[in-house]
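Here, residue 1 is the first one in the sequence, and each next residue gets the next number. We use all heavy atoms of the structure for the numbers below, so side chains are in, but hydrogens, waters and symmetry mates are not.
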Amino acid sequence: RLARPDLIRSMGWYIGRCWCDAMHCLDLGIDQSVAASCLFKLVQEGVWGLTDDAGFKLAHVDYKVWCNRHGLAPCPGFEKSNLCPRGGDFPQFPQQAAEASMTRYLMRWLRDVSDKPGVSAANHVSLSLAMLGNFVAFEDVCDWNDRWLPSNARELIAKSMEGTLVCLNA
């Protein structure tokens, strides 16, 4: 005999109320990897003049200035060793390096950095930055609206996710 979970038996519970939770799916999920990967690529590209650990330090200075300008608390310094957990080669911002809200700020800062003149549009880097822009567009729509999205907001979310998928499959 099948039993229904307690949650489903709760008075007023309705499956239509479960929708994408941007904080858990993006800020605490995929954005931690996207932000770190883009930061690594931008440092490797020499956007802040250096391509080593000093490049990460200069990037963090730029990030702190951006946060101050926007009235936000920056995350701790960008230490390369903290961004590759357990010695792995796949970078990500672990919870110790950036809280969920800070990951959201990182994505927006990286979008602004990628929009600056002189930042590369070469092959793989351009795809990563385009994907980052699509994720930030999704976050923007979530920030501008409450739980119930009007049709124009749903169109923007669909367009940004379609753009993300195009980048991932390119």
Side-chain angles (χ1 to χ4, degrees), residues 18-121 125-150 153 156-157 159-161 163-164 167-168:
C18 297
W19 82 293
C20 180
D21 175 352
M23 185 188 78
H24 288 96
C25 294
L26 295 177
D27 299 340
L28 292 172
I30 196 165
D31 283 357
Q32 292 177 329
S33 296
V34 171
S37 293
C38 287
L39 177 62
F40 265 68
K41 288 176 183 174
L42 291 168
V43 169
Q44 288 171 348
E45 194 177 286
V47 168
W48 293 278
L50 299 168
T51 59
D52 55 5
D53 288 339
F56 284 94
K57 287 182 177 28
L58 291 171
H60 192 261
V61 169
D62 184 34
Y63 169 69
K64 285 195 309 189
V65 168
W66 184 92
C67 284
N68 289 335
R69 194 171 49 241
H70 289 87
L72 304 169
C75 64
F78 301 150
E79 300 296 329
K80 187 176 180 180
S81 60
N82 292 341
L83 300 178
C84 281
R86 296 174 304 281
D89 60 356
F90 188 76
Q92 70 178 47
F93 275 96
Q95 290 275 166
Q96 297 80 8
E99 297 172 7
S101 60
M102 292 175 179
T103 306
R104 184 172 288 196
Y105 310 152
L106 281 165
M107 295 290 282
R108 289 188 167 107
W109 167 69
L110 288 164
R111 177 184 56 185
D112 288 354
V113 169
S114 70
D115 287 342
K116 289 181 180 177
V119 174
S120 176
V125 174
S126 66
L127 285 173
S128 298
L129 296 177
M131 183 175 65
L132 175 129
N134 283 308
F135 279 126
V136 173
F138 182 100
E139 295 253 15
D140 286 344
V141 172
C142 291
D143 286 349
W144 299 331
N145 294 279
D146 60 12
R147 184 180 180 102
W148 312 110
L149 299 174
L156 289 171
I157 282 181
K159 185 176 180 179
S160 68
M161 287 299 97
T164 300
C167 292
L168 289 171

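- Here the closest heavy-atom approach between residue C38 and residue L110 is recorded as CB-CD1, 4.4 Å.
- Distance check, rounded to the nearest 0.5 Å: CG of L106 to SG of C75 gives 4.5 Å.
- Residue pairs meeting the salt bridge (Lys or Arg N to Asp or Glu O under 4.0 Å) criterion with at least one partner in residues 61-78, sequence neighbours excluded, are D62-K116.
- In this structure, the side-chain hydrogen bond (donor to acceptor under 3.5 Å, both in side chains) partners of D140, at least two apart in sequence or on a different chain, are R108, R111.
- When all heavy atoms of F138 and S160 are compared, the pair lying nearest together is CB-OG, 3.6 Å.
- Taking T164 as the reference, M131, N134, F135, M161, L168 meet the side chain to side chain contact (heavy atoms under 4.5 Å, CB included) condition, with sequence neighbours excluded.
- The side chain to side chain contact (heavy atoms under 4.5 Å, CB included) search around A153 returns V141, N145, L149, P150, not counting sequence neighbours.
- Every residue was checked against the side-chain hydrogen bond (donor to acceptor under 3.5 Å, both in side chains) condition with D53, not counting sequence neighbours, and none meets it.
- The distance from atom OG of S114 to atom NZ of K41, rounded to the nearest 0.5 Å, is 12.5 Å.
- For the pair C167 and A130, the tightest heavy-atom approach, listed with the atom from each and the gap, is SG-CB, 3.7 Å.
- For the pair E139/R104, a side-chain contact is recorded, criterion being any heavy-atom separation below 4.5 Å from C-beta on.
- At a threshold of 4.5 Å between non-hydrogen side-chain atoms, the residues W48 and F56 do not count as touching.
- Here the shortest heavy-atom pairing between T51 and Q44 reads CG2-O, 3.3 Å.
- Partners of Y63 by ring-ring contact (aromatic ring centres under 6.0 Å, His included), not counting sequence neighbours, listed by chain and number: H60, F78, W109.
- The two residues I157 and C142 make their nearest non-hydrogen contact at CD1-SG, 4.3 Å.
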